[in-house]
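Working notes, beginning with the structure itself.
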Amino acid sequence: MVAELIRLKARLLANGFRRSPWQLVGVLIGAAYALFIAVMLIVGMFGLGSQDPGLIRTVLVCSVSVVVLAWAIVPVLLSGADATLDPAKFATFPVPRRDLTTGLLLSGFVGTPGAVTLVLFVAIALSWRQSPAAAFVAVVAGVLGALFCLALARLTTTAALALTSKRRFREIATILIFIPLVALGPILGGLQAGVTAIFDLLPTVAGVLAWTPLGVFAALPADALQGEWGIFALRLLVALASLAVVVWAWSAMLMRSLQNPVQSSGGSKGSEGLGLLRLFPATPWGAIAGRCLTYWFKDPRYAAGIVIVPLLPFILWYASSQSPTPYLLYAAAPLMAVMMGFSISADVSYDSTAFSLHVTTAVRGVHDRAGRALACGALALPLVLAAAIIPPVALGRPGDVVALVGVTLGGLLSALGVASVASARWTYAVVQPGDNPFKSPPGAGARAAITQLVTMFVAFLLMAPEIALVITYFVTERMLFAWLALGVGLVVGTVLLIVGIRVGGRWFDNRMPELMEAVTLNK
């Protein structure tokens, strides 16, 4: 039964690739990236093997502790990212507890995260290559450590099932965890001085972690190298006891959750009245704008797609503070404008089966395109204007506001026009409503990446007149070019938006059956 569960996991993954060649391409790209990172780390561990054993022990114990801690926390926040073998699906099958627990645990290695963790933990032996005994212990401890990571992840996710079953928790948690990843550069830069200050304390920290489940597996080879077999035996007991306790606790919680399944929460309560629809006129495009604006506030997939947008000023402010010129912050507003306008390129895909409302009511394409663009524009306009006005005023150059507002509005209008055409012509697999907003859907990958890159490239290309005028203004310091940038941005952007709505609307009308088929199959 254990082998059958492992084969089932592999078969499900393989079938997913056959369903969409784009998913296979995306997985291959992700696997190649993971392989590159793994090779770099393995090379680093090989080089670490020539250092002092004390340094090797400190580095490995601290590094492994971070990995184990990540396995305990990240799967909880990203719940639903990989539910290929959802334990709840086995509730009606008479699978023995031991077989189910072992099979689900070992099947975690059939996938990129588990496989990479196993390879890296076993590769720790390269750091202890000078001692065959220590290298052998490192291999065994690496396998046990990888099993501990998978079991700990299963334990924490099962224990947190009452929270992760609530849709609002999943939405907030997955978005919040992505924020520090986006701002990783500034965070690391700010912590650099602190890390340097506590570097001398790392051996002491590693000594403590070596007696905890976080770092005990990485500390065993050092004990074998130094011949401290008494300490080795005690640490081995801690390691085996930790693994046994975590597996037993997870198995008990798993059986309890199968016998008393937690009901998944649908999320937010319904709202009374018309909600945001009352802000728009009772017209087809007004109704679509109100519905789409409601999605912007209530659908976490939209927030996940643009979570980087409000962080752009912070990131560019940090980059500006590290460069000779402080004006790099000026790029935040145009970038935010293009990214916000580009975001509706997946609107039709996000509709999923709700797109049938547009088909059955025979909505005209121009009304659909206008409503979606209006909803996005109403939300984006105050954000991008604030990003365009505040930095010049804060830097004591209020005259720059005119030029920056011109290129920003031009970018927003142009991007909305391009996205209005793109979403009517190309669809791709997106996360389904109610799913984890950072989940990798079947069929996503290369197709989505190519569509998004081409759309954003065209949007930036159409901003060339405004960009040229803004550059000329900064070179000559003549306000004439700033006002020209504002005028050209408004006129050219408006024309491109109207053209995009009309062309996209025409494609929408001609391709409505194909669009309905695509969103129904999520491709």
When you compare the side chain of Leu144 with that of Phe148, does any pair of heavy atoms fall below 4.5 Å? no
Would a 4.5 Å heavy-atom cut-off, applied to side chains only, mark Phe460 and Leu335 as touching? yes
Is a side-chain donor or acceptor of Ser343 paired with a backbone partner of Met340 at a separation under 3.5 angstrom? yes
For the residue pair Leu69 and Val66, establish whether any side-chain heavy-atom pair is separated by less than 4.5 Å. no
Can you tell if the side chain of Val143 reaches within under 4.5 Å of the side chain of Val122, non-hydrogen atoms only? yes
Heavy atoms of Leu412 and Gly341 approach each other most closely as CD1-N, 4.1 Å
Is there side-chain contact between Val205 and Val61, with heavy atoms separated by less than 4.5 Å? no
Is the shortest side-chain heavy-atom distance between Gln130 and Leu225 below 4.5 Å? no
At their closest point, which heavy atom of Ala415 faces which heavy atom of Val338, and how far apart are they? CB-O, 3.7 Å
How far does OG1 of Thr117 sit from CG of Leu150, to the nearest 0.5 angstrom? 7.0 Å
Over all atoms of both residues, closest heavy-atom pair of Leu220 and Leu236: CD2-N, 3.6 Å
Is a side-chain donor or acceptor of Ser345 paired with a backbone partner of Ala422 at a separation under 3.5 angstrom? no
If I compare all heavy atoms of Thr58 with all of Ala206, which pair ends up nearest, and what's the gap? CA-CB, 3.9 Å
Enter the distance from Leu293:CG to Arg372:CZ here, rounded to the nearest 0.5 Å. 13.0 Å
To the nearest 0.5 Å, how far apart are CD in Glu228 and CG in Leu234? 11.0 Å
SG-CG distance between Cys62 and Leu214, expressed to the nearest 0.5 angstrom: 11.0 Å
So does Ala210 get a backbone contact from the side chain of Arg235, meaning a donor-acceptor N/O pair under 3.5 Å? yes
Identify the two heavy atoms, one from Ala151 and one from Trp250, that lie closest to each other, and give their separation to 0.1 Å. O-CB, 4.4 Å
Can you check whether Leu152's main-chain N or O pairs, donor with acceptor, with Thr156's side chain at less than 3.5 Å? yes
Are the side chains of Phe232 and Val137 in contact, using a 4.5 Å heavy-atom criterion? yes
Decide yes or no on side chain to side chain contact (heavy atoms under 4.5 Å, CB included) for Leu48 and Leu60, but give the supporting numbers first. CA-CA 9 Å; Leu48 184 64; Leu60 292 179; 4.1 Å; yes
Show the numbers, then the answer: is there a side chain to side chain contact (heavy atoms under 4.5 Å, CB included) between Phe457 and Val418? CA-CA 10 Å; Phe457 174 77; Val418 173; over 6 Å; no
Candidate pair Val67 and Phe121, rule side chain to side chain contact (heavy atoms under 4.5 Å, CB included), full reasoning: CA-CA 10 Å; Val67 174; Phe121 276 26; 3.9 Å; yes
With sequence neighbours left out, the residues meeting side chain to side chain donor-acceptor pair (under 3.5 Å) with Ser127 are none
When every non-hydrogen atom of Ala138 is compared with those of Trp128, the smallest separation belongs to CB-CD1, 4.0 Å
Heavy-atom donor-acceptor pair, Arg129 side chain to Ala135 backbone, under 3.5 Å: no
The reported gap from CZ in Phe36 to CG in Leu41 (rounded to nearest 0.5 angstrom) is 10.0 Å
From CA spacing to verdict: side chain to side chain contact (heavy atoms under 4.5 Å, CB included), Phe342, Val458: CA-CA 10 Å; Phe342 153 80; Val458 173; over 6 Å; no
